[in-house]
Amino acid sequence: MPISPYPSLTAALLAWYDRHHRDLPWRVSPLRQARGERADPYHIWLSEVMLQQTTVQAVKPYFLKFLSLWPTVKDLAAAPVEDVMAAWAGLGYYARARNLKKCAEAVAAEHAGIFPDTEEGLRALPGIGDYTSAAVAAIAFDRPAAVMDGNVERVISRLYAISDPLPGSKPAMKAKVRALTPEERPGDFAQAMMDLGATICTPKRPACALCPFNGDCLALKEHDPERFPEKVAKKEKPVRQGAAFVAVSQEGRILLRRRIDSGLLGGMTEVPTTAWTARADGGSTPDHAPFDADWQMAGVVTHVFTHFELRLTVFRTRTETEIATNGWWHAVTDLDSQALPTVMKKAITQAIPLAFTRDGG
DNA sequence: TATTCGTGGCC
DNA sequence: TGGCCAAGAAT
């Protein structure tokens, strides 16, 4: 009997992956790899950036839309940044879209349209950090990089019953991943760890009976895998308030602006708003409207961001002339072409309930 | 090391 | 129903 080239845990996981891997639009399955197909580095990179802190189900339609609009990294590099932001609208964490464009430009201009094939080379590109550089190196280029995301942290913390809380325990967990990562099939190993975390070793009610690690898992031996991974307590979310102003002209156009490139919703499109402050009375009056008009209160929209909750009082008015010192007027029936984040779509819908329906209200 | 960055689904 | 979570990066 030949000696396995892998640690036994690694071999068990790869065997599980061969039978139970998920089919994903950017993935080349083990069977297709055996027929000689290779993962496309552009597809892997694009999917990995979209998947940062984002679920597979949310990413799928965006991934297919981007490939349709921009089939190669050179196409993406040549695209207007406004088009990229509009295509990304709704997916969140918009710095990813700005860095995606910068990264495509760097690959096109400095690497002749070919992605670097090492972890270090990838790590130097915009929007590519520790996780994404390792993931692309392993999945697209068969480099034995140690890939650790939230799924892997959960699997490893349970397998070894690591009690120290994240993020402090990250280096120790990374060492465990490195020891398990094989020279052969490192990309499949990384994807297998993440599939395992997504489908078996889930945060709540893990399906330990189906897990290839269930004979070795220390958390399972202790009868409480759900308590891992431990995490440091997070602080509570403050509430901020502000006002948003929806002006519609007689021609059926709405006043829009572009947010500055840095910070929250950077580079995205918005309706005029006040600053969002912690003051309880901020935003309840139309004092800071973009121009004098008969502003009517349309309602209050609540939106929860990562680190604060926003209560936005929405005002609306109809104008005869299209006054605008900064910004532009855009047809209400064509708002899908704009880079409007979800909170702005909520505000517009509060003022114009049918804005995003077929007839545009 | 700690904070800032979206959004939607889930129980 | 509200807290938790998702293939994290930049600063």
Side-chain angles (χ1 to χ4, degrees), chain A residues 21-22 24-27 39 43-63 85 88-100 102-103 122-140 145-155 165-171 174 177 187 189-199 201-205 226 229 231-238 240 259-268 270 276 302-310 339-346:
Chain A
H21 63 84
R22 291 178 291 176
L24 301 172
W26 46 86
R27 174 176 287 177
H43 295 187
I44 300 304
W45 163 73
L46 179 60
S47 68
E48 289 300 343
V49 173
M50 288 182 167
L51 286 162
Q52 290 165 7
Q53 295 291 286
T54 309
T55 58
V56 165
Q57 284 309 313
V59 164
K60 277 181 181 173
Y62 283 86
F63 174 80
M85 301 304 286
W88 194 278
L91 201 52
Y93 284 143
Y94 298 101
R96 292 185 296 172
R98 300 193 298 274
N99 285 328
L100 189 82
K102 287 183 193 166
C103 183
L122 290 159
R123 183 69 175 77
L125 291 166
I128 297 185
D130 290 337
Y131 163 76
T132 304
S133 57
V136 175
I139 298 168
V147 177
M148 191 169 74
D149 73 328
N151 289 302
V152 179
E153 287 170 358
R154 189 168 54 253
V155 171
L166 286 166
S169 55
K170 205 173 268 194
K174 187 84 173 258
V177 176
F189 173 79
Q191 295 178 92
M193 287 287 278
M194 294 188 280
D195 277 22
L196 188 71
T199 65
C201 195
T202 49
K204 300 297 178 187
R205 301 188 51 164
E226 267 191 33
K231 296 186 177 179
V232 298
K234 53 191 65 169
K235 56 180 189 180
E236 63 176 306
K237 267 174 202 181
R240 294 187 198 171
R259 293 176 65 88
I260 60 173
D261 281 322
S262 60
L264 186 73
L265 308 177
M268 299 295 285
E270 66 172 4
W276 303 339
T302 296
H303 189 77
V304 181
F305 291 99
T306 306
H307 54 296
F308 68 92
E309 176 183 325
L310 177 65
L340 287 165
T342 296
V343 61
M344 292 302 158
K345 290 187 176 179
K346 282 190 192 176

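So you know, we letter chains A, B, ... as the sequences are listed, proteins then strands, and number each from 1.
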Identify which nucleotide among C:dA10, C:dA6, C:dA7 has an atom closest to any side-chain atom of A:A198, counting heavy atoms from C-beta outward.
C:dA7

Here the residues of residues 50-58 of chain A within 4.0 Å heavy-atom distance, strictly under, of DNA chain B are A:Q53, A:T54

Looking at A:R259 and A:E270, is any side-chain nitrogen of the basic one under 4.0 Å from a carboxylate oxygen of the acidic one?
yes

Mind telling me whether A:W276 and A:F308 have parallel, tilted or perpendicular rings, with 30° and 60° as the class edges?
tilted

Earlier contact from the 5' end, DNA chain B, for A:A95 and A:P167:
A:P167

By the 4.0 Å heavy-atom rule, please label A:K170 as base, sugar-phosphate, or nothing.
nothing

Pairing of A:K170 and A:D130 as salt bridge, 4.0 angstrom limit:
no

Looking at every strand, decide which applies to A:L310 at a 4.0 Å heavy-atom threshold: base, sugar-phosphate, or nothing.
nothing

Given C:dA7, C:dC5, C:dG8, the nucleotide with the shortest approach to the side chain of A:R22
C:dA7

Once you round it to whole Å, what is the distance between P of C:dA7 and CG of A:L46?
17 Å

Does some side-chain heavy atom of A:L46 sit less than 4.5 Å from a side-chain heavy atom of A:L100?
yes

Please work out if A:V304 contacts a base, only the sugar-phosphate, or nothing of the nucleic acid, heavy-atom cut-off 4.0 Å.
base

With a non-hydrogen cut-off below 4.0 angstrom, is A:W88 in contact with a base, only sugar-phosphate, or nothing?
nothing

Give a yes or no on whether a donor-acceptor pair under 3.5 Å exists between the nucleobase atoms of C:dA6, that is its base, and the side chain of A:R154.
no

Residues in salt bridge (Lys or Arg N to Asp or Glu O under 4.0 Å) contact with A:R96, at least two apart in sequence or another chain:
none

Tell me what A:G90 touches on the nucleic acid: a base, only sugar-phosphate, or nothing, going by heavy atoms under 4.0 Å.
sugar-phosphate

Nt span of DNA chain B in reach of chain A heavy atoms at under 4.0 Å, 5' end first, is B:dT3 to B:dG8

Using the ring pair (Phe, Tyr, Trp, His ring centres under 6.0 Å) rule, take A:F305 and A:H307 through it: C-alpha gap first, then chi angles, then the decisive distance, then the call.
CA-CA 6 Å; A:F305 291 99; A:H307 54 296; 7.5 Å; no

Once you round it to whole Å, what is the distance between P of C:dG8 and CG of A:L91?
13 Å

With a non-hydrogen cut-off below 4.0 angstrom, is A:S47 in contact with a base, only sugar-phosphate, or nothing?
nothing

Quick one: label A:G263 by what it contacts on the DNA or RNA (base, sugar-phosphate, nothing), any heavy atom closer than 4.0 Å.
sugar-phosphate

